[in-house]
Amino acid sequence: MKDFREMKKRGERITALTAYDYPTARLLDESGIDIILVGDSLGMVVLGHEDTTKVTLEEMLHHTRAVARGVKQALLVADMPIHTYDTPEQAVKTAKQLVGAGAQAVKLEGGADHVKQIEAITGAGIPFMAHIGMLPQSVREEGGYKMKGMTQSEAETLVADARAIEKAGAFSVVLEIVIADIAKQITSAIGIPTIGIGSGEHCDGQILVTHDLIGLFPWFTPKFVSPEARVADEIRRATRAFIDRTRNGSALSNIRS
Ligand code: KIV
């Protein structure tokens, strides 16, 4: 495992993207990404659910196994789905299952309120990545994806969460849609790297859902994402070309033998 604290000290930015299958994981890995996350965003961008709250541990294990086959150099982190870490005992059991599927580290959503779970996981020797700010698994209770750190008390809670997480042994923390100034404050308040998503430029690293980065989920793109490719358009173009050449009888010569 790379020393992410040392990277933070050196001011070396950490790069992270999600993957849910073998070819994507292998392509990201071969491109030199530092961290690959099997995110529970799986539920939305791969399985077609409205949010991440329907994702099961079985699904996460299945996709983690596929991703693990494609990863050689990156750190492979797997998300713990909702209600698989309600107690410290359950958290350790889930984390061990994900490690058994090929993950090298695990992530769950929550701060000081989950310190017992985090301590249990790190105490079991499993590297742990935290996730604070907007917590997608709580989107239903929250009534939407809302920016965090808007009020003084929210900002103070976020800083306290980050400190508690560091103390509990996390090696990094994802900050999801946190006001950029607060993300900057958190970044300087702790020794472990902050990995931002929609949280401005002052984090120690950045993470994105790969489907957003490459334009593979064209029906919705978060405001903070600037896609680098239009893969959905390419799929549509290739599909139409195949339909055309099949319908006009020119496809047979292209069939794989
Ligand atoms: O599930 C996920 O993809 C995530 C990232 C957006 C951080 O948690």
**OP:** Would you tell me whether Asp34 and Thr15 have side-chain atoms, one donor and one acceptor, within less than 3.5 Å of each other?
**Re:**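 Side chains of Asp34 and Thr15: pair found under 3.5 Å.
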Original post:
So, Ser41 versus Tyr20: side-chain donor-acceptor pair below 3.5 Å or not?
Top reply: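 Ser41 vs Tyr20: donor-acceptor pair found between side chains.
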Thinking salt bridges, do [X] and [Y] make one under a 4.0 Å N-O criterion?
X	Y	answer
Arg13	Glu201	no
Glu234	Arg237	yes
Lys9	Glu6	yes
Lys107	Asp79	yes
Glu142	Lys148	yes
Asp233	Arg236	yes

**OP:** Answer yes or no: does atom CD of Glu58 have more than 12 heavy-atom neighbours from other residues, nucleotides or ligands under 6.0 Å?
**Re:**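 Not more than 12 within 6.0 Å, no.
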Subject >> Lys2 NZ: over 12 foreign heavy atoms closer than 6.0 Å >> reply: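 Count over threshold, so yes.
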Original post:
So, Asp40 side chain and Leu42 main chain: donor-acceptor pair closer than 3.5 Å or not?
Top reply: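 Judged by distance alone, no pair lies under 3.5 Å.
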Subject >> Closest approach of Glu166 to Ile192 (non-hydrogen atoms, all atoms of both residues) >> reply: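 Heavy atoms of Glu166 and Ile192 come nearest at OE2-N, 3.5 Å.
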Original post:
So, for Pro227 and Val225, which heavy atoms are closest and what is the spacing to 0.1 Å?
Top reply: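 What the structure gives for the nearest pair is CD-O, 3.4 Å.
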